[in-house]
2 protein chains.
Amino acid sequence: MEDVAKLAGVSHQTVSRVLNAHPNVSTVTRERVEKAIAELGYRRNTAARSLVTRRSQTIGVLGSDMSHYGPANTLLGVQQAARDKGYFVSMASLDEVTPAAIQDALEYFMMQSVDGIVVIVPHETMFESLSTINISVPLVAVGFGVDERLSVAAVNQRMGASLAVQHLVDLGHTAIAHVCGPPDWIDAAARIDGWRRTLAQAGLPDSVLIRGDWSAESGYRAGLELAAAGNVTAVFAANDQMALGALRAFSEAGLRVPLDISVVGYDDQPEAAYLVPPLTTVNQGFKELGARCMQMLLFDMANGHSGASSVVNPRLVVRSTTASPSGP
Amino acid sequence: MEDVAKLAGVSHQTVSRVLNAHPNVSTVTRERVEKAIAELGYRRNTAARSLVTRRSQTIGVLGSDMSHYGPANTLLGVQQAARDKGYFVSMASLDEVTPAAIQDALEYFMMQSVDGIVVIVPHETMFESLSTINISVPLVAVGFGVDERLSVAAVNQRMGASLAVQHLVDLGHTAIAHVCGPPDWIDAAARIDGWRRTLAQAGLPDSVLIRGDWSAESGYRAGLELAAAGNVTAVFAANDQMALGALRAFSEAGLRVPLDISVVGYDDQPEAAYLVPPLTTVNQGFKELGARCMQMLLFDMANGHSGASSVVNPRLVVRSTTASPSGP
DNA sequence: AAGCTGATTGTTAGCGCTAACGTCGGGGGT
DNA sequence: ACCCCCGACGTTAGCGCTAACAATCAGCTT
C-alpha cells in the first residue's frame, strides 16, 4: 500500500480512502491512485483490514444433505448472493445431523470469526438444536418455520403445495394422492400440511398419503401402489425425483399421463421440462432465496438480531402431466 | 489475550506459546494458561494471527456441477480433510465453465488471500484454462490427467473402468456395451478409454458405445436401445444413475438382470446397494481423494509447486447385477 | 566461586490497514 | 482586510498477534 502511495505521490491514507470510496478525495487524485493500483496489481490485505475493522467479510454456511437438489441449490444461491455482496463464504457440511456435530461446526465458524452464519439443514433436529444453542453472531436459518428466536428465510412450502393441489382441484380432480418426503424433513411436513389444507378448503376428503424418501425409486414404488389401487386421478409428489418414478410406474401399469392420471412434481429441476411428458411442477427460486438470506443476514449484522422472516413464494409451472380427469 | 495472561499471571507471549504448542513452556505454566483460556472462553483472533504469519489458514475450493454425485462428494471429501487439518474452506462455484468465470473465481480467492486452491471442475475446458492462467498460490486440481504443470489428485478412472469391464470379461461376456457420460467431461473420456483398452486387451472387438448425459433418463433410453438391438450381454454404465435407468429399461423390455444381461454402474452411490437387484458398481473413495488433495496441497504449500500427482485406486463392488451370460 | 549452559519467561517491534485527529489553503462573509 | 469554515490531504496510533531478542535462574563445570 505504501508502494502505491509512493507511485501516486500521495499518503497511504489517501490510498485507503480511495479503496473505501471515501467522499473527500478529489477526482484527479482518485484517478492517479487507481492507476497506480492497477499498475502494481495491488491487492489490499484482508487480514490487516479485518484486524482493524473487526469484520472478516466472511459468512459461514452450515449445510447437510448436499446431494439433494434442494439443499445443494440453496447453497449455491446463498454462495452467489454472498459473493455479489462482497462476502466470502466458508462452508461446513454435516455428515450426520446431531447436536454434537452442529455444535462442532458452529464452533469452527466462531474460530474463523465469521460475520454471520447461514444454516441450510432442513431437519426438525436442527431446528431443535438451534433453539438451545446460543451463538454470538447473527444467524439466518433457511427453510424453517417462523420462530421469534430465529431469523428465517424460507420458501413458502405450504403455498407451493397448495398451488400444486389447487391446480389439480381446479382441473376437476377430487381424489388427489400425495407422495411425501421422509420424516424429520421440515419441507416434507410442510408440503403434507399444504396438501391436506387445500383438500379441506376445497371440501374434499383426505386422500392417500404414501411415504417416500425423495428418491425416484420410492416414487416408482408409490406409483405402482397407486396404479394398483386405482382410486385416485391425480398425484402430487413432494419432489421431481419421486414424480419421475411415479411417471415410470404409471407408464408400466398402462396408465396414460395426463389422460388417466395427472402428476405434479416439486422443485422444477432442470430435467423436469425434458421428461416425457414434460412435468408440471413447482419452482422454488433458490437464487431468490439465497439473495433474501444474505439480505436478512446483512440486516441482522447491521442492526442486531431481528428474528424476522422472509418468505419466497414458489411458482407453479404447468407443463403436460396435468389435465382434467376423463369421465368415470 | 492480555486478559488470559493476566489471569494466568504470565505474559501474553507465554499464552501465545501455549497456543502454538511451543516446546519451552513448563507443564505447570501451560496448565495454568490453559485453565485461564477455558475460564475466559478465549479464542485467538484469526485476523491478527494471519497478519503476522502471512497465512490465512484458508483454502479456496473452486467447483462446478455440484448437483452431480461426483463433484458434490469430492467437495465434501476435500472440505472434511481441510477441516481435519485445521484449514477453513472458502468455496466458489461456477455457473458456467468459461475462462472468464474461472478467472473471476480465482481472482476472488486471491482477494481473500487463500493459502491454496483446490479445483473441482471435471471439464476439459477447465484443464485448458488452467494451463494458461498463472496463479500465485499452490493449486491442486482434482480428477485431471497428469501434467507436469499441475499438481493433481485423481481417481484412476481408467482403472475403475477396467475393473468393471474385466469383471464382465472374467464372467465370460464378449459383447460389452458402454453408456458413457457427456463430452467435455474428463472422467467420461477416461472411462471410455478404460472400457476400450480392456476390451482390446481381452482380444475382444469394440462394442456399442452410447452417449448419455449422466441422467437416469439417458440411461433408460440407452437401455431401451440396447434391449431392442439385443446384441450385447453386458453393459457398463459410466455412472449409477444411468445404470439405474438401464435397469428399468431392461425390466420393461422383459430382460432379466443378471440372467439375460449384466449391468455394472460407477460411483457406488448409497442407493446402489438398494436397487433391485443391488447394483454391481465401482467405488471411488471420495473421502480418500479429499484427504490426498489436502496432503498434496499442504506439501506444495510447504515446498513450492510440485507438479506431482496422487492417484486413488477405485474399488469394484460386486453385487447382484452381474453374472455369466446364459447360453445363446 | 566464577563462569557457562540451557530451559523458561518477559520485552519489543512490527505485520498492513483504518479511524481519529492535525494541517493547510482557498473561498465566502463581514 | 480579516476571520472562519470546510474540503483535501497527511500524520499518528493502535487493532491482536508472533518472531526475535533480552533477561533470569537453576544446575553444572572448571
Side-chain angles (χ1 to χ4, degrees), chain A residues 1-37 39-58 86-88 110-115 136-137 301-302, chain B residues 1-37 39-58 86-88 110-115 136-137 301-302:
Chain A
M1 181 148 156
E2 202 61 57
D3 296 344
V4 174
K6 215 168 290 170
L7 181 60
V10 295
S11 74
H12 64 122
Q13 175 61 346
T14 301
V15 177
S16 170
R17 276 193 268 257
V18 170
L19 286 168
N20 294 317
H22 228 79
N24 292 348
V25 180
S26 75
T27 320
V28 195
T29 316
R30 181 188 315 283
E31 276 164 6
R32 206 136 39 85
V33 170
E34 275 162 357
K35 184 156 152 282
I37 288 175
E39 204 160 309
L40 293 165
Y42 166 76
R43 261 189 292 261
R44 139 173 83 178
N45 181 315
T46 322
R49 184 175 155 76
S50 293
L51 184 57
V52 55
T53 59
R54 295 152 169 294
R55 332 261 229 77
S56 60
Q57 296 288 355
T58 301
Y87 277 81
F88 302 114
M110 294 321 292
M111 277 181 55
Q112 199 178 5
S113 50
V114 296
D115 292 343
S136 59
V137 298
M301 273 157 43
Chain B
M1 181 148 155
E2 200 62 57
D3 295 346
V4 174
K6 214 168 291 169
L7 181 58
V10 295
S11 76
H12 64 122
Q13 177 60 349
T14 302
V15 177
S16 171
R17 277 194 266 259
V18 170
L19 286 168
N20 293 317
H22 245 270
N24 292 347
V25 180
S26 74
T27 319
V28 195
T29 316
R30 182 189 313 284
E31 276 164 7
R32 205 136 39 84
V33 170
E34 275 163 358
K35 184 156 153 282
I37 289 175
E39 204 161 310
L40 293 165
Y42 166 76
R43 262 189 291 261
R44 128 176 93 178
N45 181 314
T46 322
R49 183 176 157 77
S50 294
L51 184 56
V52 58
T53 59
R54 297 158 166 290
R55 329 257 231 74
S56 60
Q57 296 289 356
T58 301
Y87 278 80
F88 301 114
M110 295 320 293
M111 277 180 55
Q112 199 179 3
S113 51
V114 295
D115 293 342
S136 58
V137 297
M301 274 158 41

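Just so you know, these numbers use all the heavy atoms, side chains as well, and skip hydrogens, waters and symmetry mates. Order of the sequence lines fixes the chain letters, A, B, ..., with proteins taken first and strands second; residue numbering starts at 1 for each chain.
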Does B/Arg55 offer a backbone N or O that forms a donor-acceptor pair with the side chain of B/Ser50 under 3.5 Å?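 Side chain of B/Ser50 to backbone of B/Arg55: a pair is present.
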Do B/Thr58 side-chain atoms and B/Ser56 backbone N/O form a donor-acceptor pair below 3.5 Å?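 Confirmed, B/Thr58 side chain pairs with B/Ser56 backbone.
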For B/Phe88, give me all partners under ring-ring contact (aromatic ring centres under 6.0 Å, His included), at least two apart in sequence or on another chain.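 Testing B/Phe88 for ring-ring contact (aromatic ring centres under 6.0 Å, His included), a comparison that skips the adjacent residues, returns A/Tyr108.
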[Y] side chain reached by [X] side chain, heavy atoms, under 4.5 Å:
X: B/Val33; Y: B/Arg30; result: no
X: B/Tyr87; Y: B/Asp115; result: yes
X: A/Thr46; Y: A/Gln57; result: no

Just to be sure I understand the geometry, which residues of residues 11-27 of chain B put a non-hydrogen atom under 4.0 Å away from DNA chain C?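 Per residue number, the list reads B/Ser11, B/His12, B/Gln13, B/Thr14, B/Arg17, B/Asn24, B/Val25, B/Ser26.
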Under 4.0 Å from any atom of DNA chain C, heavy atoms only: list the residues of residues 42-53 of chain B that qualify, in numerical order.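 Heavy-atom cutoff 4.0 Å gives B/Leu51, B/Val52.
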Provide the closest heavy-atom pair for [X] versus [Y] in the form atom of the first, atom of the second, distance.
X: A/Met110; Y: B/Arg43; answer: CB-CZ, 3.6 Å
X: B/Val114; Y: B/Val137; answer: O-CG1, 3.6 Å
X: A/Leu51; Y: B/Leu51; answer: CD2-CD2, 3.4 Å
X: A/Ala36; Y: A/Ala8; answer: CB-CB, 4.0 Å
X: B/Val10; Y: B/Val15; answer: CG2-CG2, 4.0 Å

In residues 28-36 of chain B, which ones come under 4.0 Å of DNA chain D, going by heavy atoms?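 Going residue by residue through residues 28-36 of chain B, none turns out to have a heavy atom under 4.0 Å of DNA chain D.
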Residues 17-24 of chain A side chain polar contacts: donor-acceptor under 3.5 Å, at least two apart:
residue : atom : partner : partner atom : Å
A/Asn20 : OD1  : A/Arg44 : NH1          : 2.8
A/Asn20 : OD1  : A/Arg49 : NH1          : 3.1
A/Asn20 : ND2  : A/Ser16 : O            : 3.1
A/Asn20 : ND2  : A/Ser16 : OG           : 3.4

On DNA chain D, reading 5' to 3', which nucleotide is the first and which the last to sit with an atom under 4.0 Å from a heavy atom of chain A, could you check?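 For DNA chain D, the relevant span reads D/dA8 to D/dG16.
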